[in-house]
S.K.: 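Quick one: this structure, given as structure tokens, is what I'll be asking you about.
Owing to the predicted nature of the structure, the values given are computational and were not obtained by experimental measurement. Chain letters run A, B, ... following the sequence lines, proteins first, then strands; residues in each count from 1.
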Amino acid sequence: MLDIKRIRTNPDETINGLKNKGVDAEIDNILEIDKKLRQLENETDELKHRRNVVSKEISLKKKNKKDASKSISDMQKVAKTIKVNDNEIQKYKNSLNELLFNTPNIPHRSAPIGTSEKNNVVVREIGKKNEFNFSIKDHIELAENNSLIDFERGAKIAGSGFPLYTGEGAKLERAIINYMLDVHTTEHGYKEILPPFMANIKSTTTTGQLPKFGDDMYFINEDELYLVPTAEVPVTNIHQEEILDVKDLPIKYTAYSGCFRREAGSYGKDTRGLQRIHQFNKVELVQFVHPDKSYEVLEEIVNNAETILKNLKLPYRVIELCTGDLSFASSKCYDIELWSPATEKWLEVSSCSNFEDFQARRGGIKFRENNKVNFAHTLNGSGVATPRLMITLLENYQRKDGSIEIPEVLVPYFGKKEIRK
RNA sequence: GGAGAGGUGGCCGAGUUGGCUGAAGGCGGCUGCCUGCUAAGCAGUUGUACGGGUUUAAUGCUUGUACCCCGGGUUCGAAUCCCGGCCUCUCCGCCA
């Protein structure tokens, strides 16, 4: 959520920033409601002040056995006006909030200006694309030939987009998750979290999925709970409505979670195999930081995710998203993409964002420094999501005979050096 | 799912015949005094949000309103009374 005071004092900054994101914000409307709201609040505060004063007088009069009926009848009228005004104020507040909660974050000055992913910038490309001297198979064939994933039975159980990992496939998935968590906790200093896989309306509003993107999530009607689309949601909300001590910053959490996404409206896109699925596993990195540090920390988070890919010796590249491609809540974002040799495409496995105080305002995540309270900055990044990692791992580590080599760092976790049928 | 208890400031904990309680008391925190250092002691101070006025380079000062789980209601006036909801705990049932 944007700071209403900032919009008030510098509306052009907001308008231009949002324009870069491709959004026509209703700033005029926001300012008008804000003005009316404050005016009415002032009037009503004065009435309430009078009521408080006179009520004390009434109390005294009664104590001294004096007649208070005139004051009481006066205050009856005042009370009525207050009630009417309070209702009106609530209406203004509701519409102001609706506007503010639906207004996206402003891009950071350093984000490249552009309208679509075509304007994204490749920051660096690491690792060499493998050269194969045989005709390679794609991940689906590799997974099915080696009995790692049973897509058909997964679909039987829950529908397409719900892969069923079996045998060594299940074990490899688990090895990857464990490996990533270990690196982030022991080498990068994150505290491990295993969060709830469902979150309520307030929590999903904090991170920005609600109110606009509710349709992307699975919703349990009876309990008013969303299945988490990412661990970002539960983990960012750990400190919802808290005032942290500046000494405790930065707070660094890493969390494994299942991720559930309806992917509505993307039928027909990347539907084969693991590319775009409804349930997947991800290890997430979340940090709560001092506002002065958040852009430094964004680079740190990208590096943390890259470490995993470097150690796995998979070729990847880092993309800086242009303003038009930034998500609703983020000010600046890097994507990391892995190279899939079978499809000859780059596949996104991580998205690292700085939200500045956007989520913190929605969720009331603050910190105290020198007796002053301020909003923290929140960031997160995938470290990383498993499905496309699995795709590129299988494809890059396949051998001519159809077997799959296990990357060195995963061997202790997987227990074997190769998968061979 | 059934029965009961309860939700007060950073924490503990008073306050439920409605008014003088933003909230006693204690702990913790901060400031000053004291002290060779530490501890103890003494004095003061100590919530958040949103406004108004004044002021500064940053800041500060002052004033108002709201907040005792959330939302309604009664009343001139509610932490205190009434209704609805949420959450926590205990017991029973069910269950991985």
Side-chain angles (χ1 to χ4, degrees), chain A residues 1-10 30-101 194 196-206 210 220-226 234 237-249 251 258 288 290-292 357 360-376:
Chain A
M1 180 153 63
L2 300 178
D3 182 2
I4 183 70
K5 285 181 211 156
R6 190 170 151 195
I7 299 177
R8 213 183 276 153
T9 51
N10 207 345
I30 288 174
L31 288 174
E32 196 186 319
I33 294 170
D34 174 56
K35 196 174 168 189
K36 283 189 195 153
L37 171 65
R38 279 187 297 151
Q39 202 176 333
L40 191 58
E41 266 184 326
N42 273 340
E43 282 172 28
T44 310
D45 277 0
E46 271 170 46
L47 289 178
K48 285 179 179 172
H49 176 55
R50 240 188 95 206
R51 179 177 68 180
N52 288 344
V53 170
V54 175
S55 287
K56 270 176 196 159
E57 287 170 13
I58 292 170
S59 152
L60 278 174
K61 280 181 185 165
K62 286 201 164 178
K63 211 178 200 175
N64 299 327
K65 305 259 184 314
K66 285 191 191 158
D67 177 37
S69 55
K70 174 72 168 63
S71 300
I72 289 176
S73 68
D74 281 355
M75 284 310 102
Q76 280 172 338
K77 284 178 206 143
V78 170
K80 237 175 231 168
T81 311
I82 288 173
K83 200 168 191 177
V84 171
N85 286 6
D86 274 345
N87 279 334
E88 200 68 12
I89 286 169
Q90 199 50 51
K91 277 187 207 158
Y92 283 133
K93 278 190 177 166
N94 289 345
S95 33
L96 187 61
N97 270 335
E98 197 191 320
L99 285 165
L100 287 175
F101 273 108
L194 185 58
F197 288 3
M198 295 198 208
N200 58 27
I201 289 166
K202 162 89 187 177
S203 295
T204 37
T205 303
T206 296
L210 290 184
I220 314 292
N221 209 354
E222 215 175 341
D223 304 290
E224 294 199 312
L225 289 169
Y226 288 91
N237 279 282
I238 288 174
H239 296 298
Q240 179 203 104
E241 302 300 335
E242 287 184 20
I243 300 175
L244 305 162
D245 192 323
V246 70
K247 289 192 294 254
D248 296 331
L249 303 181
I251 296 173
F288 302 82
H290 192 284
D292 294 346
D357 64 5
R361 279 180 191 282
R362 301 175 145 235
I365 304 164
K366 307 175 186 180
F367 71 99
R368 198 190 310 268
E369 183 180 30
N370 300 326
N371 285 322
K372 296 193 69 176
V373 174
N374 195 5
F375 289 101

S.K.: Paired with B/C50: which nucleotide, if any, by Watson-Crick or G-U wobble criteria at under 3.5 Å for both distances?
M.R.: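 When the pairing criteria are applied, B/G64 turns out to be the nucleotide that pairs with B/C50.
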S.K.: Would you classify A/N52 as touching base, sugar-phosphate or nothing, given that sugar-phosphate means primed atoms plus P, OP1 and OP2, and contacts are heavy atoms under 4.0 Å?
M.R.: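 Counting heavy atoms under 4.0 Å across all strands, the contact made by A/N52 is with sugar-phosphate only.
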S.K.: Could you tell me which nucleotide pairs with B/U90 by Watson-Crick or G-U wobble geometry, both distances under 3.5 Å, or answer none if nothing does?
M.R.: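 Paired with B/U90, as far as the under-3.5 Å criterion goes, is B/A3.
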S.K.: Could you please name the partner base of B/C11, counting Watson-Crick and G-U wobble pairs only when both distances are under 3.5 Å?
M.R.: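 In the structure as shown, B/C11 has B/G26 as its Watson-Crick or wobble partner.
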S.K.: Of A/I243 and A/R50, whose nearest nucleotide on RNA chain B comes first from the 5' end?
M.R.: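 Residue closer to the 5' terminus by nearest nucleotide: A/I243.
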S.K.: Which part of the nucleic acid does A/K77 contact within heavy-atom distance under 4.0 Å: base, sugar-phosphate only, or nothing?
M.R.: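 Touches nothing.
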S.K.: Would you mind pulling out the nucleotide paired to B/G18, Watson-Crick or G-U wobble, both distances under 3.5 Å?
M.R.: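 Its partner: none found.
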S.K.: How about A/Q39: does its CD atom have over 12 heavy atoms from other parts shown lying under 6.0 Å from it?
M.R.: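 12 or below, so no.
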S.K.: For a quick check of understanding: with a heavy-atom distance under 4.0 Å over all strands, which category does A/R368 fall into, base, sugar-phosphate or nothing?
M.R.: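 The answer is sugar-phosphate, as A/R368 gets under 4.0 Å only of primed atoms, P, OP1 or OP2.
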S.K.: What integer number of Å spans the C1' atoms of B/C95 and B/C87?
M.R.: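 To the nearest whole Å, 23 Å.
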S.K.: Rounded to whole angstrom, note down the C1' distance from B/C82 over to B/G2.
M.R.: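 Result for the C1' pair: 26 Å, nearest Å.
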S.K.: Looking for any heavy atom pair under 4.0 Å, which part of the strands does A/K83 touch: base, sugar-phosphate only, or nothing?
M.R.: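 The answer is sugar-phosphate, as A/K83 gets under 4.0 Å only of primed atoms, P, OP1 or OP2.
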S.K.: Could you give all pairs that pass the salt bridge (charged side-chain N to carboxylate O under 4.0 Å, His left out) test and reach residues 37-52 of chain A, with sequence neighbours left out?
M.R.: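 Listed by first then second residue: A/D34-A/R38, A/E41-A/K93, A/K48-A/D86.
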S.K.: Considering every strand shown, what is the Watson-Crick or G-U wobble mate of B/C42 when both distances are under 3.5 Å?
M.R.: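 Here B/C42 is engaged in a pair, and the nucleotide opposite it is B/G32.
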S.K.: Distance between the P atoms of B/U17 and B/G85, in whole angstroms?
M.R.: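 Straight-line distance between the two P atoms is 26 Å.
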S.K.: Please work out if A/V373 contacts a base, only the sugar-phosphate, or nothing of the nucleic acid, heavy-atom cut-off 4.0 Å.
M.R.: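 Sugar-phosphate: the residue A/V373, judged by heavy atoms under 4.0 Å, touches backbone atoms but no base.
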S.K.: What contact category does A/R361 fall into here, base, sugar-phosphate, or nothing, at under 4.0 angstrom with non-hydrogen atoms?
M.R.: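 Since no nucleic acid heavy atom lies under 4.0 Å of A/R361, the category is nothing.
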S.K.: Output all residues satisfying ring pair (Phe, Tyr, Trp, His ring centres under 6.0 Å) with A/H49, sequence neighbours left out; order by chain, then residue number.
M.R.: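 Residues passing ring pair (Phe, Tyr, Trp, His ring centres under 6.0 Å) with A/H49: none at all.
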S.K.: Say we look at B/U16 and B/G93: how far apart would their C1' atoms be, to the nearest angstrom?
M.R.: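 One C1' to the other, the span is 34 Å.
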S.K.: When the C1' atoms of B/G25 and B/U8 are compared, how many Å lie between them, rounded to an integer?
M.R.: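 Taking atom C1' in both B/U8 and B/G25, they lie 14 Å apart.
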S.K.: For A/E98, I'd like to know if atom CD has over 12 heavy atoms of other residues, nucleotides or ligands within 6.0 Å.
M.R.: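 No, because the 6.0 Å sphere around CD of A/E98 holds 12 heavy atoms or fewer from other groups.
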S.K.: When the P atoms of B/G73 and B/G15 are compared, how many Å lie between them, rounded to an integer?
M.R.: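 Approximately 29 Å lies between the P atom of B/G15 and that of B/G73.
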S.K.: Among pairs that include at least one residue of residues 64-85 of chain A, which meet salt bridge (charged side-chain N to carboxylate O under 4.0 Å, His left out), considering only residues two or more places apart or in two chains?
M.R.: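 Counting only pairs at least two positions apart or across chains, the salt bridge (charged side-chain N to carboxylate O under 4.0 Å, His left out) contacts touching residues 64-85 of chain A are A/K70-A/D74.
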S.K.: Checking base pairs now: Watson-Crick or wobble, both atom distances under 3.5 Å. What partners B/C95?
M.R.: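 No nucleotide pairs with B/C95.
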S.K.: Between B/G77 and B/C20, how many Å separate the two C1' atoms, rounded to a whole number?
M.R.: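 Those two atoms are separated by 13 Å.
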S.K.: Watson-Crick or G-U wobble partner for B/C81, using a 3.5 Å limit on both distances?
M.R.: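 Pairing partner, where one exists within any strand: B/G73.
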S.K.: Quick check: closest heavy atoms across A/Y226 and A/I201, and the distance to 0.1 Å?
M.R.: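 Nearest heavy atoms, A/Y226 then A/I201: CE1-CG1, 4.1 Å.
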S.K.: Return the set of residues passing salt bridge (charged side-chain N to carboxylate O under 4.0 Å, His left out) with A/D292 (not counting sequence neighbours), or none when no residue passes.
M.R.: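 So A/D292 forms no salt bridge (charged side-chain N to carboxylate O under 4.0 Å, His left out) with any residue.
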S.K.: Mind checking what makes salt bridge (charged side-chain N to carboxylate O under 4.0 Å, His left out) contact with A/K202, not counting sequence neighbours?
M.R.: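 So A/K202 forms a salt bridge (charged side-chain N to carboxylate O under 4.0 Å, His left out) with A/E241.
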S.K.: What's A/K62 touching, base or sugar-phosphate or nothing? Going by heavy atoms closer than 4.0 Å.
M.R.: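 The residue A/K62 makes base contact.
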S.K.: Relative to the 5' end of RNA chain B, which residue comes earlier, A/K63 or A/I72, by the nucleotide with the nearest heavy atom?
M.R.: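 Result of the comparison: A/K63.
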S.K.: From the 5' end of RNA chain B to its 3' end, which nucleotides mark the outer limits of contact with chain A, defined by a 4.0 Å heavy-atom distance cut-off (strictly under)?
M.R.: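 For RNA chain B, the relevant span reads B/G19 to B/G77.
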